[in-house]
Amino acid sequence: MRIQFIALALLCSAHLPAFPQSDAFQSPDHVGDSYEIRLESESHSTGDNGSGSSSSRSTLIERVLQVQADGVELEFDLPSDTPPEQRMREWQFPARVFKSSEGTLDLLNVTELESRLDIWLERGGVDRVHCGKWLFTWTALQINCDPYSVLETLKMYDLRLGEIHPGRVLNDALAKAPAPLKIEVGSEANTYVADFELDPDLLRRRLAETDVAVSEIMGPRPLSLAEAIEARSSETISGALRMSLEIDPEGRVIRRTRLSNTEIKQMDGSVHRTTVTETVYRQANVEQSSE
């Protein structure tokens, strides 16, 4: 079974944002095109109890299988040098999807994913009753048994965002309201940015979800989500988000950076500040090109 690894430091502030959907099919694509997409995350925190940081990096290979009038069929897979044990854990890959011109993602090989899941469960001696549970080894991890959850993973890597232009409105899962794109000063029209105000209630819920996961790992009694939210109700939360998109000469997004700065004040006056930077890079797959 694919196990979703999530560092607790990133869980506190870097849950999946609602990235913009396409308002025009981003082309040209050609059957056989292959890209390397790299996701890097860095988190830095400071507070009265000290400071800390964490980082992570992961890569997927995107291949164009079919190009149609209403979208494109894609395959996402792990790099060819992925160790067999890791590939076994990451049972959701390869995943074949259809990205429509409206920006939606549909999973095409559900049966194949379910077969790989069954194999992993059998070899790992894991019962389905443990699906969704949190564990801790060298990091926090959640046992994931849902084939369709790969679509949420792919959204983090998706740079097929359609037409990018000043004034286009973007959204973010932790923002109070959508925000328009503007050309970044000094970028020569190849970088666009959108600035958002953080929604405290949305982040409070995400933090509470992290607290629930930690309580499940550490015990002795897991918190309910309602209990976790109530425990954080006295906190004053504020912050800002910035989305940055870099495009190539053909107008395709080749880098997306999401920067979040949050501040949490406790009733006793203590303050905890966190900065998280998530960057996605997309480039031609050198591994494919050299074949």
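As a basis for the values below, the full set of heavy atoms in this structure was taken, side chains included, without hydrogen atoms, waters or symmetry mates. Along the sequence shown, residues carry numbers from 1. The structure displayed is predicted, hence computed values, not measured ones.
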- Please name the pair of heavy atoms, one in E73 and one in F98, separated by the smallest distance, quoted to 0.1 Å. N-CD1, 4.1 Å

- Message: Looking only at the side chains, is there a donor atom on one of S149 and Q92 sitting less than 3.5 Å from an acceptor on the other?
- Response: yes

- Message: For the residue pair T275 / N261, report whether a side-chain donor-acceptor contact shorter than 3.5 Å exists.
- Response: yes

- Item | Closest approach of A179 to D195 (non-hydrogen atoms, all atoms of both residues) | CB-O, 3.1 Å

- Query: Rounded to the nearest 0.5 Å, what separation is found between the CD1 atom of I254 and the CG atom of L245?
  - Reply: 11.0 Å

- Query: For the hydrophobic clusters of this structure (ILVMFWY residues joined by side-chain heavy atoms under 4.5 Å, transitively), does one cluster hold both L207 and L223?
  - Reply: no

- Query: For M156 and V280, which heavy atoms make the closest approach, and how far apart are they?
  - Reply: O-CG2, 3.3 Å

- Between P94 and L113, which heavy-atom pair has the shortest distance, and what is it? O-CD1, 3.7 Å

- Over all atoms of both residues, closest heavy-atom pair of K176 and P200: CE-CD, 3.8 Å

- Query: Side chains of E235 and Q266: donor-acceptor distance under 3.5 Å anywhere?
  - Reply: yes

- Think R38 forms a cation-pi with Y281, using NZ or CZ under 6.0 Å from the six-ring centre and within 45 degrees of its axis? yes

- Query: Are F196 and I183 connected in the hydrophobic side-chain network, where two residues link if heavy atoms are under 4.5 Å apart?
  - Reply: yes

- Item | Salt bridge present between E246 and R256 (N-O < 4.0 angstrom) | no

- If you round to the nearest 0.5 Å, how far is CD1 of I264 from OG1 of T236? 10.0 Å

- Item | ILVMFWY cluster, Y148 and V97 together (side-chain gap under 4.5 Å) | yes

- Between R204 and D211, is the closest basic N to carboxylate O distance under 4.0 Å? no

- Query: Rounded to the nearest 0.5 Å, how far does CD1 of I237 lie from CG of D199?
  - Reply: 9.5 Å

- Nearest-0.5 Å distance that lies between atom CZ in R282 and atom OH in Y35: 5.0 Å

- Shortest non-hydrogen separation from V110 to P147 and the atoms involved: CG1-CB, 4.5 Å

- Message: Quick check for you: to the nearest 0.5 Å, what is the distance between L39 atom CG and T153 atom OG1?
- Response: 10.0 Å

